[in-house]
Amino acid sequence: MENPFKKAVENTEEVENKEEATLQEDVKEDVSDVVEEEKAEEKNEWQEKYETLNNQYIRLAADFDNYRKRQDAERESLLKYGAENTVKKLIEVLDNFDRGLKAIETVEDCEKVKECYNLAYKNFNDVLGKIGLEVIKAEGEEFDPNLHEAVMQTPTEDTPENFIISELQKGYKLGDKVLRPTLVNVATAS
């Protein structure tokens, strides 16, 4: 015969095992729900950070694109109208040449023509000087390959070696930049 007490203990153990299994499943479900909620919150948090950064990036990219377009427009304007002030100053010289040309038509005296030419030439040089154009000094100076171009060398005892004997063509610089070097004849030892 079966022991009823043993059967009751087995039933109790079986019930306890089922309850424990059910309890473990409930705990697992609760834990997985909490984990899923935390993951969802974390995902929402990261999504918000992503959207914020993405919006900032889009605004920054648009600002940079606008900046680039403004710079291109300014550069184009500078290239197109950069010489405007220079040309305005040169128009005055052109006016003086026109006046001189009209004056020369009625003048028969060569000295008057020479005087008109000298005035126009002086005016032109003054305007170029105001713009910043300078004549590079050469004759009697020591040869400088940054400012002068030696096209001739002449052996001489009158001028020290490596000094300029004569200027063959004027050189010019604008500020510190050499626009055209002076063509010179340089003295060498005889």
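From a predicted model like this one, the values you see are computed outputs, not experimental measurements. Side chains included, hydrogens not; waters and symmetry mates left out as well; all remaining heavy atoms used. Residues take their numbers from the sequence shown, with the count starting at 1.
Considering all non-hydrogen atoms of both residues, A189 and P155 come closest at O-CB, 4.0 Å. Contact detail for A187 and P160: the closest heavy-atom pair is CB-O, 3.6 Å. Counting all heavy atoms, side chain and backbone alike, V186 lies closest to A150 at CG2-CB, 3.7 Å. Residues I136 and E167 come closest through the heavy atom pair O-OE1, 4.0 Å. Closest approach of H148 and E142 over heavy atoms only: CE1-O, 3.7 Å. Nearest heavy atoms, L174 versus I131: CD1-O, 4.0 Å.
Between Y117 and Y121, the two ring planes are parallel [angle under 30°; tilted spans 30° to 60°].
Linking ILVMFWY residues whenever their side-chain heavy atoms come closer than 4.5 Å, directly or via other members, leaves L168 and V184 in distinct clusters. Residues V127 and L94 do not share a hydrophobic cluster, clusters being chains of Ile/Leu/Val/Met/Phe/Trp/Tyr side chains in contact below 4.5 Å.
D72 pairs with exactly one of R70, R75, K69 by the side chain to side chain donor-acceptor pair (under 3.5 Å) rule, that one being R75.
R59 has no carboxylate O lying under 4.0 Å from a charged side-chain N of D63, or vice versa, which leaves the two without a salt bridge.
A donor-acceptor pair under 3.5 Å is formed between the side chain of T52 and the backbone N or O of E48.
Q71 CD: more than 12 foreign heavy atoms inside a 6.0 Å radius. In F124, the CZ atom is not crowded: 12 or fewer heavy atoms of neighbouring residues, nucleotides or ligands sit closer than 6.0 Å. For E76, the CD atom is loosely surrounded, since the number of other residues' heavy atoms within 6.0 Å does not exceed 12.
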